[in-house]
Protein chains: 2
Amino acid sequence: MRNTRADVVAAALRVLAAQGLESCSMRRVAAELDVQPSALYHHVPNKQSLLALMADEIVGSVGLGEADPRQLCTELRDAMLGVRDGADVVATAEAFRLGSSAIEERLAELVGADGARTLLLFTFGHAQATQTHRQAAEFGALLPGAVAAGQGGVGPGLTGAAGEGTASDLDASFGRGISIILAGLSATLR
Amino acid sequence: MRNTRADVVAAALRVLAAQGLESCSMRRVAAELDVQPSALYHHVPNKQSLLALMADEIVGSVGLGEADPRQLCTELRDAMLGVRDGADVVATAEAFRLGSSAIEERLAELVGADGARTLLLFTFGHAQATQTHRQAAEFGALLPGAVAAGQGGVGPGLTGAAGEGTASDLDASFGRGISIILAGLSATLR
DNA sequence: ACCTGAACACCGTTCAAGT
DNA sequence: ACCTGAACACCGTTCAAGT
């Protein structure tokens with residue numbers, strides 16, 4: 001036995017981490033395993049299934065015993081932000097089973113079905129936006145000017161094209177969004 | 001002058017409506033205009049830009065004079081759901097400029113920056129899930145069994161694999177999610 | 001300014017055939 | 001069971017050249 005399905009998923013996650021979702025093709029994953037592209041179809045029916053398995057792995061660390069919805073969403077967010085393009089992978093795969101994922105079910109026990117869906121969609125969307133933003137910032141950092149200007153004290157407010165989108169800004173924005181939704185749930189339940 | 005940028009965008013939207021996002025390649029758009037693929041690059045720098053222009057067109061009908069945030073989100077949702085794969089096109093393109101789109105700015109005037117972002121992300125995510133679900137339902141309708149069983153009265157609750165995801169269910173779910181967020185905003189602002 | 005023709009460097013997926 | 005080799009039907013993008 002040369003390779004198992006788990007080997008394929010692991011190789012795909014290695015390619016994702018190293019090269020990003022854009023470059024995570026069936027052919028590159030196959031190359032990572034030193035195998036022909038067609039060999040992958042012995043372990044996985046198609047690329048979409050492979051992405052779903054990757055999403056499961058990324059999200060697998062989230063503790064379903066968690067009783068605090070905010071904590072659960074934060075863990076989910078951290079898991080997605082922990083791997084390159086993780087938010088895109090999870091959001092894409094998860095959208096297909098909205099209403100039937102383990103995390104949504106756990107969340108629904110805590111805050112009801114509508115609350116769970118609202119929290120989840122916000123968490124996915126915000127993580128995607130955060131990751132997109134970070135990517136753009138990284139890219140911008142490779143361009144002339146405004147590199148590590150924020151540290152040196154060149155100017156007070158203006159740090160290149162980043163403007164107002166610091167990492168901590170996005171963390172705070174996420175927390176405030178969750179607060180809004182949770183407040184709405186309390187208010188709705190009287 | 002054979003073609004203008006607007007012609008390219010219009011052709012792309014025609015292809016999108018007819019064949020979906022998957023099939024909306026630069027090559028197909030070029031074919032729709034009876035032109036070589038390379039000709040498109042005279043009007044648009046790359047595919048991503050073309051998708052952004054398509055998103056602008058899809059969302060352009062949303063009235064920015066609207067003073068009711070719920071109504072604004074509903075209009076946005078309707079605009080996205082009005083074209084095949086519209087939610088994906090808009091969400092993808094809009095994610096890149098989160099914090100700077102016209103709709104988000106209008107929404108921010110009404111409910112603040114955090115509320116605007118929360119409402120927008122929920123609206124995008126829910127529309128994407130709705131459209132994915134509809135697509136799956138359409139696909140399922142082509143398979144044997146459980147076609148229009150809901151009408152005839154074969155059974156009370158079970159309508160094929162659709163289960164609980166009727167169109168009106170999703171409409172209602174959207175409305176309740178918006179209600180939760182708006183309630184949370186009222187509660188947060190005391 | 002707008003377009004053609006040809007090329008480059010890729011894709012996902014299928015399928016007969018090997019071991 | 002797991003994999004190779006070869007093919008099919010595509011991609012986005014570039015670039016010299018035409019009009």
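Reckoned from all heavy atoms, side chains included, excluding hydrogens, waters and symmetry mates.
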For side chain to side chain donor-acceptor pair (under 3.5 Å), just list the numbers for Gln128(B) and Asp88(B), CA-CA rounded to whole Å, side-chain angles, deciding distance to a tenth of an Å, and then say yes or no. CA-CA 6 Å; Gln128(B) 270 182 291; Asp88(B) 277 307; 2.8 Å; yes
Within the pair His43(A) and dC3(D), is there a side-chain N or O less than 4.0 Å away from OP1 or OP2? yes
Asn3(B) side chain near dC3(C) phosphate (N/O to OP1/OP2, under 4.0 Å): yes
Starting at CG of Asp68(B), measure out to SG of Cys73(B) and round the result to the nearest 0.5 Å. 9.0 Å
Locate the shortest heavy-atom distance separating Ala108(A) from Ala116(A); write the atom from each residue and the value. N-CB, 3.5 Å
Going through the checks in order, is the side chain to side chain donor-acceptor pair (under 3.5 Å) test met by Arg70(A) and Ser179(A)? CA-CA 8 Å; Arg70(A) 159 175 261 120; Ser179(A) 294; 2.4 Å; yes
Take Leu121(B) and Leu121(A), measure what side-chain contact (heavy atoms from CB on, under 4.5 Å) needs, and give me the verdict at the end. CA-CA 7 Å; Leu121(B) 288 176; Leu121(A) 289 175; over 6 Å; no
Out of dT13(C), dG12(D), dA1(C), minimum distance to the side chain of Tyr41(A) belongs to dT13(C)
Listed pairs, N/O of protein and of nucleotides 4-7 of chain C, under 3.5 Å:
| unit_1 | atom_1 | unit_2 | atom_2 | d |
| --- | --- | --- | --- | --- |
| dT4(C) | OP2 | Gln36(B) | N | 2.7 |
| dG5(C) | O6 | Ser38(B) | OG | 2.7 |

Do Thr4(B) and His43(B) have side-chain N/O donor and acceptor atoms under 3.5 Å apart? no
Here the distance between atom P of dC10(D) and atom NZ of Lys47(A), to the nearest Å, is 18 Å
Is DNA chain D part of any stem, that is, at least 3 consecutive Watson-Crick or G-U pairs with both distances under 3.5 Å, and where? C:4-8 with D:12-16, C:12-16 with D:4-8
Flag the pair Cys24(A) / Gln19(A) as yes when at least one side-chain heavy-atom distance between them is below 4.5 Å, and no otherwise. no
What's the separation between atom CZ in Arg117(A) and atom CG in Leu170(B), rounded to the nearest 0.5 Å? 6.5 Å
Verdict with supporting geometry, Asp171(B) and Arg77(B), salt bridge (Lys or Arg N to Asp or Glu O under 4.0 Å): CA-CA 10 Å; Asp171(B) 286 354; Arg77(B) 175 176 140 95; 2.3 Å; yes
Can you list, in residue-number order, the parts of residues 5-22 of chain B that come under 4.0 Å of DNA chain D, counting heavy atoms only? none
With a 4.0 Å cut-off, would you call Arg14(B) and Glu32(B) a salt bridge? yes
P atom, dA9(C) versus dC10(D): distance in rounded Å? 22 Å
Under 3.5 Å, is there a donor-acceptor pair between the side chain of Arg28(A) and the main chain of Ser23(A)? yes
Which comes earlier along DNA chain C counting from the 5' end, the contact point of Met26(A) or that of Thr4(B), where each point is its nearest nucleotide? Thr4(B)
Rounded to the Å, how far apart are Asn46(A) CG and dG12(C) P? 11 Å
